[in-house]
Structures are given as structure tokens and as C-alpha cells.
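Order of the sequence lines fixes the chain letters, A, B, ..., with proteins taken first and strands second; residue numbering starts at 1 for each chain.
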Protein chains: 2
Amino acid sequence: MELHQLAYFVAAAETGSITRAAERCGVAQPSLSQQVQRLERSVGGRLFDRLGRGVALTDAGRALLPRARAILAEVRDARAHLHEDVEAGEGEFRVGAIPTMAPFLLPRAVAALRTEFPRAAITVREDLTDRLVQAVADGELDCAVASSPIDHERVEVRTVGEEPMVVVVPAGHPLAGADDVALAALRDLPTVTLHEMHCLGRQIAGFCAAKRLGRSVVCRTTQIGTALGLVSLGMGVSIVPRMAARADGAPRAGRVYLEFRGPAPRREVTVLTRAGRAPSRVGLRFAERIREALEEG
Amino acid sequence: MELHQLAYFVAAAETGSITRAAERCGVAQPSLSQQVQRLERSVGGRLFDRLGRGVALTDAGRALLPRARAILAEVRDARAHLHEDVEAGEGEFRVGAIPTMAPFLLPRAVAALRTEFPRAAITVREDLTDRLVQAVADGELDCAVASSPIDHERVEVRTVGEEPMVVVVPAGHPLAGADDVALAALRDLPTVTLHEMHCLGRQIAGFCAAKRLGRSVVCRTTQIGTALGLVSLGMGVSIVPRMAARADGAPRAGRVYLEFRGPAPRREVTVLTRAGRAPSRVGLRFAERIREALEEG
DNA sequence: GGCCATGCATAGGATGTGCCTATGGAATTG
DNA sequence: CAATTCCATAGGCACATCCTATGCATGGCC
């Protein structure tokens, strides 16, 4: 069953004549006759009754006709609408993000993307950095949001912004009333920190180590939200990205956020794509939306 | 854009590799590579980024993928479901009937056919005999209901039954109280008759001529219903097919139906199909349904 | 009834297309 | 740096499509 055979079949059914169908299709009559016969063999039954004066559909032909029309229409549509499908971002688009960014950046970015590209089937994956990098390299993801450092031959890294850290302390803590706080002031305070399986946990540990800041870690969590909860209970102070502080909403009982005095520790927000791939329309907008979410968020 | 090219494209998109796609499709790698390139030229844009290690969809490829899948699925469905489509009577089925039979036979027959072949797209045409015959001969109609005589080389005539005529007289007419009436009793009575453009009109005129029955035609109508109305007004008597009498429902004020005494004039009910065509499943059932409607109606 | 026109099927040959094996070139891997 | 992997290209073969020419059946016409 070939497309041109279906086209010939439809033409013959509509004209009721092999000869006129051949004219319409711009081929010789024997060619069309042959192809119709071949189609009949391929479906295993006659499609036309040969009447001597033209042809008429059999039951099988009557049944095939609407399907043949549908197939040909789909092919025509595919050709005609391919360009606008590209504009509309048609197709599956798979994004990933690390857990310490996903809840703060993805909802807004994905929502914006869905309205901009209503026909894109966007799927989301939340995972640790190295697994995201591997997924992008393997083509399982089209885009991922993570933080430097990323090093993979096949992965292209684009920095879309950076983000300062803030300090969060329990309400009533001696530091709670201050406008801002120096990193050194945190020395030896009981600290709630993020597990170092997260790149953010490693980054914060790195900042502290760089400042030779001894820490008294009283708890390690795997989620920022858990850490914030423990801070509210007075178990210690913590350092979190500002997007987490903003997402925490209106001033909450139990914990107070403080800016760093002077240059704050920062992390970069980067968008990962597979190296060597042509820039994707949806992917480019995704990166922009992540940047907006970061700046406005 | 050919079906096998689309199949190759989908395989390459799903495996992310020309080589593995070729394995899956059972062709050599260069063949698949070539066909993908041909498809790319035919749609006017690259569908894959060649990464050295496999391939990845471009925006255009992403957009084409769902359409290609849809087209291939339709083709698979067409092959798989063609047989059951034939059983279900899938496709357009066009029937015709003459005006003096259509309202009494078609509704019941078509309704039955619609439940039996829910996927058949049945269309109905009401027209005079010779036009129906021509339409069947030209393949514009798959089936038609008419009455003998039909004579056309390309039209096959099947008699599904016959139907007696009855007499209808105004209420209060001298004949109204009789159980039955002889044809001769109608001699010279004022008569309302059907226009001879209808075969029924010609048939009735033929009966009367055969019995040498002079008639005093006071009115000629083009519809049986009109004739019945005029009879109720007392303008004359008329001869109508029994199906019309039955359809007239419960005893109506104004007119009374009488059987003929002895052998009644009759007309045949025939189903017309195009000669040389294989018997159609729906067509065969249609003829049966007409027969049923005639017997039960 | 014989003649011509019409329409589908078949035959045979030219062209084109798909597929193959072999090979080249680029990137990746050990 | 060698070996491997993978896609692209080249050349040849087989088959499929298309063409023209022709056969055969049907329908229409004088």
C-alpha cells in the first residue's frame, strides 16, 4: 500500500473511470490501472467492479475510500502545516531541573512556555545535576536547568543569571533584628544545611570552606523546605538561595531572612543543551523564561 | 514524502540512531540514511542534527514526528480494519426511490439499515423512475426502488414484492358502506388521479384502459397526499396503492378505503442495481428491508 | 448486423528508485 | 594514538514505475 496507489484509487473512485483518473493524476492509463491492481493485491480483494464502461466501487472499495482520503489528507496537512507546527513548538519537549531550583523556576517558566507554545508537549524531570547532564548528553532531555560547574564534552552550558544566597535564622535569634549579616558572624553557630548530594549543598560548603568558616552542622536535609522548617524550630541557622526565600512568601512566623553584608555567596543558573544541536525555538524561549523567572522571582 | 521514508524517520527519531533504525527496519544503514535525506529534501529542511554519535531531532523533526506517527497508524489501521469495515458497511451508500413509494418504504428501510450498518453513510434521493434508472446506470446511486417496467441494459432489476391498489371514496359516498368494490363500479365516476409523470399514474391509467373503463378525471395531482385530500373534499374517488392507505393511519374523517372485489390491480416493487456489480452487503440488506417494509407496512 | 468509439488490461521496453556492499571521514573511546 | 562507532558517499544491481503499443470487451450508431 503506497501513497500514490491510494491517490490513484481515490481518483478512480471519484471519477468512476480509470482513464479519467489517469488524466487527473497526470499519468498514462495503463500505469494507473496497474497500480490499482497492485493495491488490490496488497489489500487482498478487489476494490472496483470493472463494468466495461468505467469502474464502480465494491464493498471493499467503499470501505477503503474514506480511509484512503484520510491518509492522503494527513499527508497533505503534514506538508502544509509543518512550518507553522515548528512555530507552535509542536512535539515533545523534555526539560529537567535540579531539585534546589525546580520548584522556584520551573512552574513559572513551564506555564509561560505552555501558553506561548500551546502545541508543545512539555514534560518535566527533576533530578541531580550529574544525572541531568547525562540525560542531556544522551538526548533524553532537550534542556536542563542546573548550576555550574558543569563539564561534559557533549553538553553546552549557557549561564542565564546568578543568584545570591541569604541567611535564614529562627525568629528571636540574636541576629534576627539585624538588617544584614556578615558571613563571619555565622562562625560556629548551629547550622542546618543541605545534603551535599545537591550541588547547592556542595556550593555552600565551598563558600564556608573558602572563608575558613568552621560550621557546627546540627542537621542535614535533602530538601530546602525541610531545612527551613528546622530553622523555624530554632535548631539553627541556614543559608539558602534567595529564590527559596522569595517563594517562602509573606513574612512567616518562626524564621527571618537576612541579606549578606557585602558580596553575597552566589550560584550561577545555567541552561544545559546537547552540544551540536541546532538551537531549538522552544529551548531558546525556555532559557529566556528561566532568566525572567530568576529575575522576577 | 513516502510511507517508508516516514517509517524510517520515526525509527530514527525513536532510536536516536540511523544505524539502529536501519536494524529495526531490516535495511542497510546507508539505505535508511539516504531515505531520510530524501525526506528532508522533500519537506525542505533538516529533520535531524547529526551529532557524530547518533542523531537528534531538530525543531522540524520534532514537529513532523507526531504527524508521521499518525499517518503510519492510519495506514496500519486501514489494513487491519478493512475487513471489519466491510462488515459494518463503512462508506457512502446512496439509495433512491420514486415519490409514490419513498414515503411509505424508505423511512423504515433506511432506519433499519442505519442500525444494522451504523458506519454506513446512507443518502437518499427521491426522483422519477427514468431519472433513477439513469442515476443507477451512471453509478450515482447504489440502489433504487421503483416499479416495473424498467428497461435499461446496465440496470439489474429485482422484484421484491407487489402491492395491490385500493379505492378511496369520500365519506358519505354511495360506495362508502360497501365491503369491497368492483373496478367496473367506478366507471364514469368523477375521479382524482395522479399525474402521469409518475409511473403509478401511468399504471392506473393502464388498468382502466385495459378494462375499457372510461374515466371522468376532475383533477390531476402530483402527490398522493394531495389526491387523498381532494377525495375527502368530495371531489371524486381515487385509486391509490395500499401502502398509502395504511400510512394514512387510523380511520380518517372524510374518506373511506375499499378493497377491490376480485383480483386487484397491482404494481410490482423492484430494486434496481447497476448490472455487473458484485452484490453489495448493504444493498442486499436494503432490498430485504424494502421487502419487509412492504409486507409489514 | 457490421463498424467505430470507448475503456480497461496486457506486453515490452526505458527510466528511476530503493537497496545492497564497500569505503570514506568524523567523532568517540580505550 | 589506535580502535571503534557512526553517518555519509559511491557504484552496482534489482525491481518498480512509467511509457507506448496493442489486445479485448462493451456500447453506440448507421
Side-chain angles (χ1 to χ4, degrees), chain A residues 1-9 11-13 15-42 46-58 61 134 137-139 151-156 274-278, chain B residues 1-9 11-13 15-42 46-58 61 133-134 136-139 151-156 274-278:
Chain A
M1 188 183 296
E2 297 298 328
L3 290 178
H4 61 100
Q5 291 173 347
L6 294 178
Y8 292 173
F9 162 70
T15 61
S17 155
I18 301 286
T19 303
R20 263 168 291 166
E23 285 168 16
R24 180 199 285 191
C25 297
V27 297
Q29 169 265 318
S31 303
L32 201 139
S33 177
Q34 278 183 356
Q35 292 306 309
V36 167
Q37 291 175 55
R38 199 176 286 268
L39 179 61
E40 286 178 324
R41 252 179 293 145
S42 115
R46 298 196 83 72
L47 298 171
F48 292 107
D49 287 321
R50 274 70 170 175
L51 303 173
R53 205 70 165 188
V55 293
L57 287 173
T58 62
Q134 195 59 42
D138 293 348
D151 186 31
H152 194 297
E153 285 272 310
R154 300 188 209 153
V155 172
E156 192 171 303
R274 162 76 208 232
R277 293 192 64 168
Chain B
M1 188 182 296
E2 296 298 327
L3 289 177
H4 61 99
Q5 291 173 345
L6 294 177
Y8 292 172
F9 163 70
T15 62
S17 155
I18 300 287
T19 303
R20 263 168 291 166
E23 286 168 15
R24 179 199 284 191
C25 297
V27 297
Q29 168 265 316
S31 302
L32 201 139
S33 177
Q34 277 183 355
Q35 293 305 310
V36 167
Q37 290 174 56
R38 201 176 285 267
L39 179 61
E40 286 177 323
R41 251 177 294 145
S42 115
R46 298 196 82 74
L47 298 170
F48 291 109
D49 288 321
R50 275 70 170 176
L51 303 173
R53 205 69 168 189
V55 293
L57 287 172
T58 62
V133 170
Q134 196 57 42
V136 168
D138 293 348
D151 185 31
H152 194 296
E153 285 273 310
R154 302 186 208 153
V155 173
E156 192 172 304
R274 162 76 208 230
R277 294 193 63 167

Spacing between [X] atom [atom1] and [N] atom [atom2], to the nearest angstrom:
| X | N | atom1 | atom2 | answer |
| --- | --- | --- | --- | --- |
| A:Gln5 | D:dC18 | CD | P | 9 Å |
| A:Ile18 | D:dA25 | CD1 | C1' | 15 Å |
| B:Leu39 | D:dA8 | CG | P | 13 Å |
| A:Leu47 | C:dC8 | CG | P | 15 Å |
| A:Gln37 | C:dA9 | CD | C1' | 6 Å |
| A:Met1 | D:dA16 | CE | C1' | 18 Å |
| A:Gln35 | D:dC15 | CD | P | 17 Å |
| A:Arg46 | C:dC8 | CZ | C1' | 11 Å |

Does C:dA9 have OP1 or OP2 under 4.0 Å away from a side-chain N or O of A:Arg50? yes

For D:dC6 and B:Thr19 - does any side-chain N or O of the residue sit under 4.0 Å from the phosphate oxygens OP1/OP2? no

In this structure, CD of B:Gln34 is separated from CD of B:Gln5 (nearest 0.5 Å) by 11.0 Å

Which heavy atom of [X] sits nearest to which heavy atom of [Y], and what is that distance?
| X | Y | value |
| --- | --- | --- |
| B:Asp49 | A:Ala278 | OD2-N, 2.8 Å |
| A:Thr19 | A:Gln29 | OG1-CG, 3.9 Å |
| A:Met1 | B:Leu3 | O-CD1, 3.4 Å |
| B:Arg274 | B:Ala137 | NH1-O, 2.9 Å |
| B:Leu32 | B:Cys25 | CD1-SG, 4.1 Å |

Can a donor-acceptor pair be found, under 3.5 Å and without considering hydrogens, that links the side chain of B:Thr15 to the backbone of B:Arg20? no

Members of residues 20-33 of chain B that approach DNA chain C, where some heavy atom sits under 4.0 Å away: B:Gly26, B:Val27, B:Ala28, B:Pro30, B:Ser31

Hey, what are the protein-to-nucleotides 25-30 of chain C N/O distances that come in under 3.5 Å?
| unit_1 | atom_1 | unit_2 | atom_2 | d |
| --- | --- | --- | --- | --- |
| C:dT29 | OP1 | A:Arg154 | NH2 | 2.5 |

Applying side chain to side chain contact (heavy atoms under 4.5 Å, CB included) to B:Ala13 and not counting sequence neighbours gives B:Phe48, B:Leu57, B:Leu65

Assert: residue with more 5' nearest nucleotide on DNA chain D, out of B:Gln34 and B:Ser17, is B:Ser17

The single option from B:Gln35, B:Arg24, B:Glu2 passing side chain to side chain contact (heavy atoms under 4.5 Å, CB included) against B:Tyr8: B:Gln35

Need one value for A:Phe48: base, sugar-phosphate or nothing, where a base atom within 4.0 Å counts as base even if backbone is also close, heavy atoms only. nothing

